[in-house]
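Structure first, then comments.
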Amino acid sequence: MIISWNTTNACNMYCKHCYRDAGIKADQELSTEEGLTLIDQIAEARFKIMIFSGGEPLLRDDIYTLVNRARERGMRPVFGTNGTLITGAVAGRLKEAGAVAMGISLDSVDPVSHDTFRATTGAWQGAVDGMHACREAGLPFQIHTTVLDWNMAEVEKLTDFAVQAGAVGHHIFFLVPTGRAVNIEAETLKAEQYEELLHRIMKKQAEVKIELKPTCAPQFMRVASELGLKTRFSKGCLAGLSYCIISPLGVVQPCAYLNIPAGNVRKTPFDEIWREAEIFKVLRTEQYTGGCGSCRYKKICGGCRARAYFYHGDYMGEEPWCLYHGRKGS
């Protein structure tokens, strides 16, 4: 059970692919007290991993207080961050507050390419410095890479970089056009590229000890099965099943890219939304249509619900970029 809270819309970058369209702090973001109450309700719903993300979560003055509450309530506090604000002192405070891992974005081994994508000069070096700070503080970190057509060729190099930097994992995010990312939809991977890269990642996993995890690419479960590789994961797409996300204003939705509200924690307690929201009930039926509905791997894959919604307008529809559709029922 994993949950992500976009703690703020404020960010020190203006990345081309940001699903939150982050940059400036939003009016009426959840206060410290509202955040503490939210964390209590998330714990009551039995979530185990609490992701603090943004925007840039380290721009919240109360972030250490929020992390500490999540730890006190028995959850594992982790982060999704651009890493540039992680100094030695920050890493130490995060570890003391209870953070157990930091996910730091790095999209290229080339600093100029990363900085261009993140629209911030010095972003690459800042992220790498943040990794070094975490390592010195004994705070585990993993690298997060958003993959598009321009950087898919260097994914293995980024994995090697992660190993050399001391990361515990490399998570590769397959872009779904949401937020600012709709402007770069043409750069997203399509079916053949999607399949090729998943095979490359799964083969690379056999060569390295750190965890490699394709995200928003649920077909990796099928590919792993076809290659005879074991993973610790039970299903590809977790949206509404064992994962959801909460916006800076308290809006709950199945995932970051499936932009359909399930409720607002300012009006309804989170644990009630998680139990009763209609969209969650529908997703939990796993009654997909099209190729996903007839696929033998639907129970371990599920297709990307957000991508189905973006391209077909039906979040229970067919994943558009899956080559396996040609073998329905097999």
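The residues of the chain are indexed from 1 along the displayed sequence.
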Return yes when atom CZ of Arg93 has more than 12 non-hydrogen atoms of other residues, nucleotides or ligands closer than 6.0 Å, and no otherwise. no
Between Thr116 and His114 (side chain of the first, backbone of the second, donor and acceptor by atom type, cut-off under 3.5 Å), is there such a pair? no
Side chains of Asp107 and Ser113: is there a donor and an acceptor less than 3.5 Å apart? no
Closest approach of Leu158 and Ser108, non-hydrogen atoms and distance? CD2-C, 3.6 Å
Quick one, Gln41 and Trp274 - any side-chain contact, counting heavy atoms below 4.5 Å? no
Assign the ring pair Tyr297 / Tyr324 to parallel, tilted or perpendicular, where the plane angle (0 to 90°) is split at 30° and 60°. perpendicular
Looking at Cys237 and Lys235, what are the two nearest heavy atoms and their distance? O-CG, 3.6 Å
Taking Arg71 for its side chain and Glu96 for its backbone only, find out whether a donor-acceptor pair lies under 3.5 Å. yes
Please name the pair of heavy atoms, one in Ile51 and one in Gly80, separated by the smallest distance, quoted to 0.1 Å. CG2-N, 4.1 Å
Side chain to side chain donor-acceptor pair (under 3.5 Å) assessment of Thr159 paired with His170: CA-CA 6 Å; Thr159 295; His170 182 202; 2.7 Å; yes
Measure from NZ or CZ of Arg305 to the centre of the six-membered ring of Tyr288 and say whether it is under 6.0 Å with the direction within 45° of the ring axis. yes
Within 45° of the axis and under 6.0 Å from the centre of the six-membered ring of Trp5, does NZ or CZ of Arg20 qualify? no
If you count every heavy atom of other residues, nucleotides or ligands that lies below 6.0 Å from Arg46 atom CZ, does the total exceed 12? no
Backbone N or O of Leu106 within a donor-acceptor pair of the Thr145 side chain at under 3.5 Å? yes
Is Lys190 paired with Asp149 through a side-chain N to carboxylate O contact shorter than 4.0 Å? no
Measuring from atom CD of Glu156 to atom CD1 of Ile201, what distance do you get when rounded to the nearest 0.5 angstrom? 7.5 Å
Checking the side chain of Thr146 only, and the main-chain atoms of Phe173 only, is there a donor and an acceptor separated by less than 3.5 Å? no
Arg266 backbone acceptor or donor facing Asn264 side chain under 3.5 Å: yes
Test item: Arg180 side-chain N/O and Ala22 main-chain N/O as donor-acceptor pair under 3.5 Å: yes
Ignoring hydrogens and geometry, is there a side-chain-to-backbone donor-acceptor pair from Gln205 to Glu211 under 3.5 Å? no
As a quick check of understanding, evaluate ring-ring contact (aromatic ring centres under 6.0 Å, His included) for Phe270 and Phe47, giving each step before the final call. CA-CA 11 Å; Phe270 170 78; Phe47 281 79; 5.6 Å; yes
Any side-chain heavy-atom pair of Leu175 and Thr188 under 4.5 Å: yes
Which heavy atom in Val176 sits nearest to a heavy atom in Cys304, and how many Å separate them? CG2-SG, 4.0 Å
Indicate yes or no for a side-chain donor-acceptor contact from His312 to the backbone of Glu318 under 3.5 Å, with no hydrogens or angles considered. yes
Euclidean distance, Lys203 NZ relative to Leu198 CG, rounded to 0.5 Å: 12.0 Å
For the side chain of Ser31 and the backbone of Glu34, is there at least one donor-acceptor N/O pair under 3.5 Å apart? yes
Will you find, in the side chains of Asn9 and Glu29, an N or O donor that is under 3.5 Å from an N or O acceptor? no
Shortest non-hydrogen pair, Glu319 vs Cys322, comes out as CG-CB, 3.8 Å
Ring centroid separation for Tyr311 and Trp321, is it under 6.0 angstrom? yes
Return the minimal non-hydrogen interatomic distance between Ile104 and Phe141, and the atom names on each side. CD1-CB, 4.3 Å
Would you say the side-chain atoms of Thr268 pair up with the backbone N or O of Val265, donor to acceptor, closer than 3.5 Å? no
Would Gln125 and Asp129 satisfy side chain to side chain donor-acceptor pair (under 3.5 Å), going step by step from the backbone distance to the final call? CA-CA 6 Å; Gln125 190 60 56; Asp129 289 346; 2.9 Å; yes
